[in-house]
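First the proteins, then the strands, lettered A, B, ... as listed; each starts at 1.
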There are 2 protein chains.
Amino acid sequence: MAGDKDDEIEIPAGRPTINDIARMAEVSKKTVSRVLNKSPFVSADTRAKVEEIIGRTGYSPDPQARGLAFRRSFLVGIIFDNPNPQYVVNMQQGILDGLRGSGYELVIHPCDRRSRSYLTDVRHFVERQKLYGVVMPPSISEDEQLARLLEELKCSYIRIASVPLDRPERMIVSHDRRGGEAAARHLIELGHRRIGFISGPSTFRSSHERRAGLEDGLAAAGLSLSPDHIAEGAYTFDSGVACGTALLSRAERPTAVFCANDEMAAGLLQAARRAGLRVPQDLSVVGFDDFQVATQVWPTLTTLHTPTRDIGRLAALKLFALSDEAEEPEIDEESLVMRLVVRESTGPAPT
Amino acid sequence: MAGDKDDEIEIPAGRPTINDIARMAEVSKKTVSRVLNKSPFVSADTRAKVEEIIGRTGYSPDPQARGLAFRRSFLVGIIFDNPNPQYVVNMQQGILDGLRGSGYELVIHPCDRRSRSYLTDVRHFVERQKLYGVVMPPSISEDEQLARLLEELKCSYIRIASVPLDRPERMIVSHDRRGGEAAARHLIELGHRRIGFISGPSTFRSSHERRAGLEDGLAAAGLSLSPDHIAEGAYTFDSGVACGTALLSRAERPTAVFCANDEMAAGLLQAARRAGLRVPQDLSVVGFDDFQVATQVWPTLTTLHTPTRDIGRLAALKLFALSDEAEEPEIDEESLVMRLVVRESTGPAPT
DNA sequence: ACAGTAGTGGAAACCGGTGTCATATGCAAA
DNA sequence: TTTGCATATGACACCGGTTTCCACTACTGT
C-alpha cells in the first residue's frame, strides 16, 4: 500500500474526464457510466455521490468519445432546399428549441435537388457524421428516393409535408388544405364570387393542398375555380408579378386572388398597381405564410399564419420519440392550425 | 503460419475502417494514417497502393475517432444574433461554400446577447463540441467578452465587422463606410442637398460606419448632416416607419434619406406614402443590403449590395488559414466592395 | 447451515483513429 | 568494411467513453 497518502481528492486541471469523476467518487468508471446512462443497477447512495461530483465539477461527457462507442453521433441534421430565408431560419430556430438541453447540436445541409450529386452528397453527409437523425422540410421532404436512402443508412428522419407520405411517426403533416379553405371562406364572406388562384411550382405539394383547400371552400358555397383564373407561379416575387399581370388582363378578371405564398402575393400587389387597380377596393389579395414581407408591403397582406417554428420544435421532439429516448410528444394540433390574419389587402367585393 | 490460405483480400461488410484498408493494402494502420494525413514519410509506392484502395472502397475516416485522437472536432460553428433571416441564410451558405470538400460541417448557434446565460451557453457549445473554429457575424462579432472567451477556450474564430477589432488575420472588415459614401455621392449627383439618415441601433457598428461614409460624402461636397435630419431606428421595418414619419414631419424635411438597411428603407416608403409624398419625385430613398425586400417594395429600392455570401466563404477560408491548413486566401478586395444598385426609389432633387 | 439468486462493482476489450518510439532499410561518408 | 544518417514502417499506448464478462456481496428459501 505504498503511496496511499495520496488518496486526497484532487480536482483535475483541464476538463474532467469520466476517469477523474470515478476517482473522485471512489468508484469505477463503469459505475459513472451507469449513472450517466441512467442504468437502474446503481444504488441510490452511489448515484447520489456520483451526481454530486458531476454537478460540482461541471463534468459533461465528451460527445465524440461517447459517439465513437455508441457508433453514432449526437448531431441532428436539417436537409433543405426551401428558397425562403425566413422559412429556413424559423425552422432552424424551432428545431433548436426542441433540441435545447438535450446535448444535441444542429448541422445544416442545404442542397439542390437538381444537382447531379445531390443524393451522393447527402449520403456522405449522413454516413460520415453518423447523424442521429435528420429533419426534412418541404420540398425535399417529398423526395421518396431521399427517404429510402435514409432508411438504408438507418438514419431516423422526420418529414414535414402537407400530406401524409409514410408512417405517421415519421411525419408532421401541416394543415395547408385547411388554410386554403379558411382563405376561401374569408373571401366568400366578403362577397367575392370570382376568385382566382396563383399556385406555387407544381412540384410543391403545399401548393396543391392550398389550392385544394380553396376549392373545398368554394365548393361549400356552390362556387368553383375557373381555369381562366388560375396561374402557375414559382413561389417567387417575380412569378407573382407575372402571374398577376396575366390574371388581371383576363376579360372577366377575378375580384379576389388567393396566392399560395406571400412573396407571390407581394408580386400580385405590384401587378395590380401597374394595372391601375386599387387593393382592396378593386381587388382583394390573400397570401400564405405570414412572413415579414406580409407587413412590409402596401397594403399589408391578409394571409395565413404558418407555425413554422412550432413545427420545427415538434420535429425535434418526434425524432427523440422515434428511438424511445422520449415519449411521443403530445401533438397540440391546435398549435399547428394555420390562422387567418386579416390585414389591409382584403375588402368587400366591388359591386 | 497457420491459416494463411486466408490472405485473400476481402471487402468488409459495413463501412470500411482504417484497419480494413491497412489489411487490404498489407500495411499497418499507422501507415494508412500517414497517407491520410499527408505525412512525407511514406514511399511513393506505398502511398499509391493505399490511395488506390481508399479510392476503390470509398473509405473516409471517421470524424469522431479522428477528433477524439486530435482532441478537437471537425465542426465549425456560426454564432449569430443577427435578426435578418436573409443575412443569416446568405452567411450560412457562404460559410458552407468555403467548407465544401474539406470534410468540415457547420453547426449553428443563434443566441440572444441580452440573455443572462448567453456566454455560458456559448462556452458549453464550444467546449463540449471542441469546435475547430467559429465565425461571428455582426453584431455578436463586436462583443469583446465573447472574443476573450474563445481565446481562453483556444478556439479559432473569425469576426466579421465593419471596423478592425483585433488582429487582422482574425477579422474580415466589410466596407460599410465606403458604401455609405457611395450613397452620398449618388444623391449629391442627383442634386440633393438636404439629405437625411435613419440609423440602425447604436449597438451596431455597421450603422455608425454607414453614417460615417455618408458624412464623408457630404463633406466632400461641402455639405453636412443636420441633427434634425437624423433618426435612430432599430434595423426593423416598423422602426423605419416611425423614423420616417418623424423625419418627414420636420419643418425643413430632407429631399432624400439614406437608410442604414433595406428594411427601414421599406418602412420609410410606407411613411412617405402615408404622408402623401411620391417617391422618387418628392423624396429619394437609398437602402442598404440589397436583400429581397429591395425589389419587392414599390418603388423598388436603390440600395447598396452587400456581398454577404462572399464574406462567409472568405471567413471559412480564413479559418483554415489560421491553423496553417491552408494558405491565407487572397482577399479579392474588389469582390467585397459594396456596389450601388440604382432602382426606382431615387431621382433628381425636387426643384 | 447451505445453496441459489438478484443486485452491484471492477477489469479488460473495444469503438476508429493518432502519437511516441523503436526498428529496418538504403545509401553516402569515414 | 564499418559507421552514420535519413527515410520508411510497424508495435503499442492512448484519446474518453461503453460493453462484455466475471466476481463479489447480501438476501432469500429449504
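Across the protein-nucleic acid pair, B/F41 atom CZ and D/dC5 atom P stand 16 Å apart, rounded to whole Å. Separating the CG atom of A/N19 from the P atom of C/dG9 is a distance of 17 Å, rounded to the nearest angstrom. Rounded to whole angstrom, the span from the NZ atom of B/K29 across to the P atom of C/dC14 amounts to 11 Å. The nearest whole Å value for the distance from the CG atom in B/D62 to the P atom in C/dT18 is 10 Å. Rounding to whole angstrom units, CG of residue A/L68 and C1' of D/dG17 are separated by 8 Å. To the nearest angstrom, C1' of D/dG17 lies 13 Å from CD1 of A/I21. When rounded to the nearest whole Å, the span between CZ of A/R128 and P of C/dC15 equals 20 Å. Atoms CZ (B/R71) and P (C/dG19) sit 9 Å apart, rounded to a whole Å.
Mapping B/A44 and B/K130 onto DNA chain D by nearest heavy atom places B/A44 closer to the 5' end of the strand. For the pair A/A65 and B/V32, nearest-nucleotide mapping onto DNA chain C gives the more 5' position to A/A65.
No salt bridge links A/R15 with A/D62; every basic N to acidic carboxylate O contact stays at or beyond 4.0 Å. One finds a salt bridge joining A/E152 and A/R123 here, because a Lys/Arg side-chain nitrogen approaches an Asp/Glu carboxylate oxygen to under 4.0 Å.
When the side-chain nitrogen and oxygen atoms of A/S28 are compared with OP1 and OP2 of C/dG10, one or more of them lie within a distance under 4.0 Å. Contact annotation: B/T31 does not reach the phosphate of D/dA8 (side-chain N/O to OP1 or OP2, under 4.0 Å). Taking 4.0 angstrom as the limit, B/N37 places a side-chain polar atom (N or O) nearer than this to OP1 or OP2 of C/dT18. Close to C/dG17, at under 4.0 Å from its OP1 or OP2, lies no side-chain N or O of B/S33. Between D/dA8 and B/T46, no contact under 4.0 Å exists linking OP1 or OP2 to a side-chain N or O.
Which of C/dC15, C/dT18, C/dG10 sits closest to the side chain of B/F70 comes down to C/dT18. Here D/dT18 is the nucleotide among D/dT9, D/dT18, C/dG9 with the atom lying nearest to any side-chain atom of A/I18.
At a cut-off of 3.5 angstrom, the base of C/dG19 holds at least one donor-acceptor pair with the side chain of B/K30. A donor N or O paired with an acceptor N or O is found under 3.5 Å between the base of D/dG10 and the side-chain atoms of B/R34. Judged by distance alone with a 3.5 Å cut-off, no donor-acceptor contact links the side chain of B/R66 to the base of C/dG16.
Looking at every heavy atom in both residues, A/Q129 comes nearest to B/L75 through OE1-CD2, 4.4 Å.
A distance of 4.5 Å separates NZ of A/K29 from CG of A/N19, quoted to the nearest 0.5 Å.
Between A/R34 and A/T46, the side chains place no donor N or O within less than 3.5 Å of an acceptor N or O (distance only, hydrogens not considered).
A/V27 comes within 4.0 angstrom of the backbone, heavy atoms only, and of no base.
For B/Y87 and B/F80, the ring centers sit 6.0 Å or farther from each other.
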